[in-house]
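What follows is a single structure, written as structure tokens, with notes after it.
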Amino acid sequence: MTGEVILTLLAGALIVEGLAYALAPSLVERMLEALSAMPLDARRTLGLLTAVTGLMLLWAVL
């Protein structure tokens, strides 16, 4: 059952990611430019905060 949950979450992430590229490719480009302008430590912090937020939301839902 755990494998099914992981695959379901992965599929959901791919759907959201794909929709972002399909519906707003120019926005994705601007976001990538903004990220490349950020210092490496700030990008790491942003990634960590995003991951922790996702985990907290997942924990709250389950």
Side-chain angles (χ1 to χ4, degrees):
M1 178 124 175
T2 304
E4 291 177 11
V5 171
I6 291 172
L7 285 176
T8 301
L9 293 172
L10 181 60
L14 290 172
I15 290 168
V16 170
E17 189 81 16
L19 284 174
Y21 283 105
L23 298 176
S26 61
L27 178 62
V28 173
E29 286 180 11
R30 283 186 279 157
M31 286 177 35
L32 290 172
E33 289 172 0
L35 280 172
S36 68
M38 291 174 66
L40 185 60
D41 288 338
R43 284 184 271 171
R44 284 191 175 128
T45 302
L46 179 62
L48 181 61
L49 289 174
T50 303
V52 168
T53 302
L55 286 172
M56 289 172 55
L57 286 171
L58 183 61
W59 179 75
V61 169
L62 300 176

Crowding at CZ, R43 (>12 non-hydrogen neighbours, <6.0 Å):
yes
Atom CG in L46, atom CZ in R44: separation rounded to 0.5 Å?
13.0 Å
ILVMFWY cluster membership beyond L32 - transitive side-chain contacts under 4.5 angstrom
Y21, V28
Which residues satisfy the side chain to side chain contact (heavy atoms under 4.5 Å, CB included) test with L19, sequence neighbours excluded?
I15, L23
Nearest 0.5 Å, please: how far is CG in L9 from CG in L14?
11.0 Å
Under 4.5 Å side-chain heavy-atom separation, chaining through any Ile, Leu, Val, Met, Phe, Trp or Tyr, what else clusters with L49? Say none if it is isolated.
none
List, by chain and then residue number, the residues other than M56 in its hydrophobic cluster (Ile/Leu/Val/Met/Phe/Trp/Tyr, side-chain heavy atoms under 4.5 Å); write none if there are no others.
L48, V52
What residues join V16 in its hydrophobic cluster, counting side-chain heavy atom gaps under 4.5 Å, either direct or through other members?
none
Just to verify, what does A42 make a side chain to side chain contact (heavy atoms under 4.5 Å, CB included) with, not counting sequence neighbours?
M38, P39
